[in-house]
Amino acid sequence: MNSLGGIRSWPANWRSTTASMTTTESVRKVPQVLTVAGSDSGAGAGIQADLKVCAARGVYCASVITAVTAQNTRGVQSVHLLPPEFISEQLKSVLSDFEFDVVKTGMLPSTEIVEVLLQNLSDFPVRALVVDPVMVSTSGHVLAGSSILSIFRERLLPIADIITPNVKEASALLDGFRIETVAEMRSAAKSLHEMGPRFVLVKGGDLPDSSDSVDVYFDGKEFHELRSPRIATRNTHGTGCTLASCIAAELAKGSSMLSAVKVAKRFVDNALDYSKDIVIGSGMQGPFDHFFGLKKDPQSSRCSIFNPDDLFLYAVTDSRMNKKWNRSIVDALKAAIEGGATIIQLREKEAETREFLEEAKACIDICRSHGVSLLINDRIDIALACDADGVHVGQSDMPVDLVRSLLGPDKIIGVSCKTPEQAHQAWKDGADYIGSGGVFPTNTKANNRTIGLDGLKEVCEASKLPVVAIGGIGISNAGSVMQIDAPNLKGVAVVSALFDQDCVLTQAKKLHKTLKESKRGI
Ligand SMILES: Nc1ncnc2c1ncn2[C@@H]1O[C@H](COP(=O)(O)OP(=O)(O)OP(=O)(O)O)[C@@H](O)[C@H]1O
Ligand SMILES: Cc1ncc(CO)c(N)n1
Ligand SMILES: [Mg+2]
């Protein structure tokens, strides 16, 4: 929450906070979300949606029920509020026991219920708070009346990390401000931000006359419009709850706010697309399938999103090495990808801008045809010009928050970090991943201070952002890097181990095998 002053470094021992329960070293802490919301008997929205999305995203979700609704695909037939004292009992039970990374709220239908929530949050401080200010179901039924508006505005919104109103809810919070266009959604986001939440996402699922489904994100400085083509389906019941809980789940895993929001938007989009033709119930608003990811061919997903596992074998190019071995960059990349490289960074320290751009375009074609993302080192202008998948910047390059505002919400941004402080800042600025090193001495980068395996571990522990290790890594030591026992260390980045070699394909295959074996060994 805001009291934590910016989403915050996770405690250095966050992986072992349950260690008192057992003396073994193999304790594995699972990211945990608490949802405080209403039950939907039709199970498309509310608590039931929250549990499903968290399960689908690999996050544990506990549930405190505020109200029980009699609800189906035709609408809400009746609502029964639970006594505030009993809601407080539920809150105490779980907050005194679990270590939640994030609390997410949905239906909070009375002032008394908000009061008991606030009291419990002050007794048991949590790391982050996602507030979905549920007021009206898409079918038009009032789930929380105007009596809650003042306590929301005055006490709940100011402590929220993010609020996710739909257009009707945003309008209600702003005394009936009309929201019918994206420009009005922006104004609403700005006014809501002034009420105190750190981030605002105004959802446009119900925006009239819009062929795209547009959500407006505001961080206090920059706006981002998150757009996707509107899916023609009746099965949109519970999209709002799903979106907010997916944001909570991604935050619990360690994403920055913008990354969490992007993943959540794409999750809803993919789920709606997968479920557009299913028929459950006879009404106008059907539920959708949250577990599409278990069933479909991952290649066919509507939109690709940054997957931290892509950092597994991260190949960084070097034109001097290609010259030395007399091969083109395109041939070198093809071989690296065919051998198992999972993401590419184009690092070009010598070429003129025009030459670099032509090279980047050729490399993008190869990467796209293999479904592998291509990042550009340092040069935001080149990344923009060739529509690369993202960039990697160092501490003395352009600051990450500025890069984000130039590249927009969808691009991947990585940043090099040597210290826990830099890792913390990377999270705050909205980076998608951290590159940490040099782990070992290397000739590829002159005068680069090495941080060793201990330094790498410190960086990993300072943030839950995914980390890729870099610097002097090859087949002989990749295993020792992967075994430092940090769950967010996702892979290794290499230059010479692939490109300063006689056969790039063979080396990539060997390195991939070594990494796989060391992963199995953890
Ligand atoms: N038909 C659609 N196609 C694509 N995305 C959609 C569609 N409908 C809603 N969304 C997306 O789903 C998310 C939830 O948006 P929406 O504005 O519907 O929230 P809500 O009204 O709170 O949801 P609920 O239906 O649960 O009440 C947003 O990211 C929105 O852009
Ligand atoms: C219980 C519940 N919470 C939230 C929503 C909003 O979709 C709903 N329809 N039902
Ligand atoms: Mg809606």
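Counting starts at 1 for both ligands and their atoms, in listed order.
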- Query: Taking the non-hydrogen atoms of A45, is any one of them nearer than 4.0 angstrom to ligand 1?
  - Reply: no
- Query: Nearest heavy atom to atom 3 (N) of ligand 2: which of A43, A49, G46 does it belong to?
  - Reply: G46
- Query: Counting each atom of ligand 1 from 1 as listed, which ones have a heavy atom of D215 under 4.0 Å away?
  - Reply: 28 (C), 29 (O), 30 (C), 31 (O)
- Please report the C-alpha distance between H141 and V79 in whole Å, then the side-chain angles of each, then the deciding distance to 0.1 Å, and finally whether the side-chain contact (heavy atoms from CB on, under 4.5 Å) criterion is met. CA-CA 10 Å; H141 200 99; V79 177; 4.2 Å; yes
- Message: Pairs of nitrogen or oxygen atoms closer than 3.5 Å, one from K203 and one from ligand 1: do any exist?
- Response: yes
- Note on the structure: Logged contact type for L272 with ligand 1, heavy-atom cut-off 4.0 Å, is side chain
- Counting heavy atoms only, which part of I231 comes closer than 4.0 Å to ligand 1: side chain, backbone, both or neither? both
- Quick look: R230 vs ligand 1, heavy-atom contacts under 4.0 Å, and the answer is both
- Item | Contacting atoms of ligand 2, where contact means under 4.0 angstrom from a heavy atom of V134 | 4 (C)
- Item | ligand 2 contacted by H237 (non-hydrogen, < 4.0 Å) | yes
- Task: Classify the contact between L143 and ligand 2 as side chain, backbone, both or neither, using a heavy-atom distance cut-off of under 4.0 Å.
- Result: side chain
- Task: Using a strict 4.0 Å cut-off to heavy atoms of G38, name the atoms of ligand 2 that fall inside it.
- Result: 1 (C)
- Query: N/O to N/O below 3.5 Å, does that happen between T233 and ligand 1?
  - Reply: no
- Query: Is it true that the side chains of D310 and T342 contain a donor and an acceptor less than 3.5 Å apart?
  - Reply: no
- Item | Closest approach of A388 to I376 (non-hydrogen atoms, all atoms of both residues) | CB-CG1, 3.7 Å
- Query: Is G240 near ligand 2, meaning one of its heavy atoms is under 4.0 Å from it?
  - Reply: no
- Query: Do any N/O atoms on S213 end up under 3.5 angstrom from N/O atoms on ligand 1?
  - Reply: yes
- Message: One residue to check: A67. Relative to ligand 2, which of side chain, backbone, both or neither has a non-hydrogen atom less than 4.0 Å away?
- Response: neither
- Message: Among M185, H224, H193, R186, which residue satisfies the side chain to side chain contact (heavy atoms under 4.5 Å, CB included) criterion with F218?
- Response: H193
- Query: What part of L243, side chain, backbone, both or neither, has a heavy atom within less than 4.0 angstrom of ligand 1?
  - Reply: side chain
- Under 4.0 angstrom from ligand 2, any heavy atom of A37? no
- Query: Do E250 and R57 sit within salt-bridge range, that is, some charged N less than 4.0 Å from a carboxylate O?
  - Reply: yes
- Query: Mind checking whether Q71 has an N or O less than 3.5 Å away from an N or O of ligand 2?
  - Reply: yes
